[in-house]
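Below: the structure, in structure tokens.
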Amino acid sequence: MPELPEIETIKRTLSPLICGRVIQRLEIRLAKILRSDPELFQKSLPGQKIKALSRRGKLLIIHLTQNALLFHFRMTGNLIYLVPSASEPRYTHLLFYLDQGIRLAYTDLRQFGWIELVKEEDLSHHRILAKLGPEPFELNEKEFFALLRTRNRGLKAFLLDQEMIAGLGNIYTDEALFRAGLHPKRKTSSLSFEEAGRLLRVIKEVLEEAIRERGSSVRNYVDGQGQRGNFQRQHLVYRKRGEPCPRCGQEIAYQKIAGRGTYFCPGCQK
DNA sequence: GACAACCTGACC
DNA sequence: GGTCAGGTTGTC
């Protein structure tokens, strides 16, 4: 489901609702989504206060008094805030009971996502976080150009690789490559400095616009309050197979590239 | 690089 | 029945 803009939206919607609240107890319904011992979850979480939420790439981090909870939503994971009267969503695998009758439900239709309990001081050298590439917004064009030149592979595969750049997934990769006029199979090391600069610029642009629109709801993504995003309305190529390209009118192509269904315009992406 | 695997569901 | 899905990982 979610890429950087969706995780950022979940973070922003949940933050004011749950910060300062205390976890009272939890109900684990599907233990396999936990990457740490379920006993440890049960033992250490009750009594801890939610201090802050943060995001790194596609990971959401809930900072508690002693620990941090690391969430990776993969395809269909989500975290939903429930007022006392709200009914429990489908596919709830973990339920946090907070004070005031508030609940927080981790839901995940496909069960690919996971949650890990980490000591706050271990976060900085966590095996996954430590390997993530830079946040797109923290990159400048010189650094990005240099990064592209460290590899010689297709742009699509490169941008999806979280160790190269963190947070892009299938939607925003296709949308950015279209805006940049670059073919998804174009080799990273063949880009000129100017092309690399343009690509980085549109990556930031598409992510910023998507955050402003609260993410893309293509199928089941909703934010922390259960609201759909709107950015799918601005998609120019994603899921537009056979439709005319908004720039040149040629049919949008669909091809499996880097293992993912990829949409692009053969006319204006070179 | 390609592909299967992890799951459940939507759509043709 | 088959195909596809906002992701990642392990295997040839």
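Since the model is a prediction, treat every value here as computed from it, not as a measurement. As a basis for the values below, the full set of heavy atoms in this structure was taken, side chains included, without hydrogen atoms, waters or symmetry mates. Below, chains carry the letters A, B, ... as their sequence lines are ordered, and counting in each starts from 1.
As rounded to whole Å, 12 Å separates atom P of B:dG1 from atom CG of A:Leu155. Atom pair A:Arg260:CZ and C:dA5:P shows a separation of 8 Å (rounding to whole Å applied). Whole-Å rounding puts the A:Ile128 CD1 to C:dT8 C1' distance at 9 Å. Atoms CZ (A:Arg74) and P (B:dC6) sit 13 Å apart, rounded to a whole Å. Here C:dT9 presents its P atom at 16 Å from CZ of A:Arg110, a figure rounded to the nearest Å. For the pair A:Arg239 CZ and C:dT3 P, the interatomic distance rounds to 18 Å; values are reported in whole Å. Between the CH2 atom of A:Trp114 and the P atom of B:dC7 there is a distance of 17 Å, given to the nearest Å. Atoms CZ (A:Phe71) and P (C:dG7) sit 19 Å apart, rounded to a whole Å.
For residues 139-164 of chain A, the set of pairs meeting the ring-ring contact (aromatic ring centres under 6.0 Å, His included) definition, not counting sequence neighbours, comprises A:Phe145-A:Phe193. Residue pairs satisfying the ring-ring contact (aromatic ring centres under 6.0 Å, His included) criterion with at least one member in residues 12-50 of chain A, sequence neighbours excluded, are absent.
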Validation: residues 42-50 of chain A side-chain donor-acceptor distances under 3.5 Å, sequence neighbours left out:
| from | atom 1 | to | atom 2 | distance (Å) |
| --- | --- | --- | --- | --- |
| A:Gln42 | NE2 | A:Leu26 | O | 3.4 |
| A:Ser44 | OG | A:Leu40 | O | 2.4 |
| A:Gln48 | OE1 | A:Thr65 | N | 3.4 |
| A:Gln48 | OE1 | A:Gln66 | N | 2.8 |
| A:Gln48 | OE1 | A:Asn67 | N | 3.1 |
| A:Gln48 | NE2 | A:Ser44 | O | 2.9 |
| A:Gln48 | NE2 | A:Asn67 | OD1 | 2.7 |

Show me the donor-acceptor pairs within less than 3.5 Å that the side chains of residues 246-263 of chain A make with the rest of the protein, sequence neighbours left out.
| from | atom 1 | to | atom 2 | distance (Å) |
| --- | --- | --- | --- | --- |
| A:Arg247 | NH2 | A:Phe178 | O | 3.3 |
| A:Thr262 | OG1 | A:Lys156 | NZ | 3.1 |
| A:Thr262 | OG1 | A:Arg260 | O | 2.9 |

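A donor-acceptor pair is defined here as one N or O able to donate and one able to accept, closer than 3.5 Å; such a pair exists between the side chain of A:Gln162 and the backbone of A:Leu168.
One finds no side-chain N or O of A:Lys256 lying less than 4.0 angstrom from the OP1 or OP2 phosphate oxygen of B:dC3. OP1 and OP2 of C:dG7 both lie 4.0 Å or more from every side-chain N or O belonging to A:Gln162. Proximity of A:Tyr238 to the phosphate of C:dA5: no side-chain N or O atom is located under 4.0 Å from OP1 or OP2. The shortest distance between the side-chain N/O atoms of A:Lys32 and the OP1/OP2 oxygens of B:dC7 is below 4.0 Å. Taking side-chain N and O atoms only, A:His72 has no distance below 4.0 Å to OP1 or OP2 of C:dG7.
The residue among A:Phe112 and A:Ala258 whose nearest nucleotide of DNA chain B is located toward the 5' end is A:Ala258.
C:dA5 sits 16 Å from B:dA2 when the P atoms are compared, rounded to a whole Å. A gap of 11 Å separates the P atoms of C:dT3 and B:dA4, to the nearest Å. Using P as the reference atom, B:dG9 and C:dT8 are 23 Å apart when rounded to the nearest Å. With both ends at atom P, the span from B:dC3 to C:dC4 equals 12 Å, rounded to whole Å.
Separating the SG atom in A:Cys265 from the NZ atom in A:Lys270 is a distance of 8.0 Å, to the nearest 0.5 Å.
A:Leu59 belongs to a hydrophobic cluster with A:Ile61, A:Leu70, A:Trp114, A:Val118, A:Leu123, A:Ile128, A:Leu129, A:Leu132, counting contacts under 4.5 Å between side-chain heavy atoms of Ile, Leu, Val, Met, Phe, Trp and Tyr, direct or through other members.
The closest side-chain heavy-atom distance from A:Tyr81 to A:Ile102 is below 4.5 Å.
DNA chain B forms stems at B:1-6 with C:7-12, B:8-12 with C:1-5, each a run of 3 or more consecutive Watson-Crick or G-U wobble pairs whose two key distances fall under 3.5 Å.
Among C:dA5, B:dC7, B:dG1, the nucleotide with an atom closest to any side-chain atom of A:Gln111 is B:dC7.
Residues meeting the side chain to side chain contact (heavy atoms under 4.5 Å, CB included) test with A:Lys32, sequence neighbours left out: A:Leu30, A:Gln111. Listed by chain and number, the residues in a side chain to side chain contact (heavy atoms under 4.5 Å, CB included) with A:Ser85 are A:Val83 (sequence neighbours excluded).
The side chain to side chain contact (heavy atoms under 4.5 Å, CB included) with A:Leu98 is formed by just one residue from the set A:Ile18, A:Leu82, A:Val22; it is A:Ile18.
A:Phe231 comes within contact range of no nucleotide atom at all, as no heavy-atom separation falls under 4.0 Å. Nucleic acid contact class of A:Lys185 (heavy atoms, under 4.0 Å, all strands): none.
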Which atom pairs link the protein and nucleotides 9-12 of chain B when you take only N or O atoms and keep those under 3.5 Å?
| from | atom 1 | to | atom 2 | distance (Å) |
| --- | --- | --- | --- | --- |
| B:dG9 | OP1 | A:Tyr91 | OH | 2.8 |

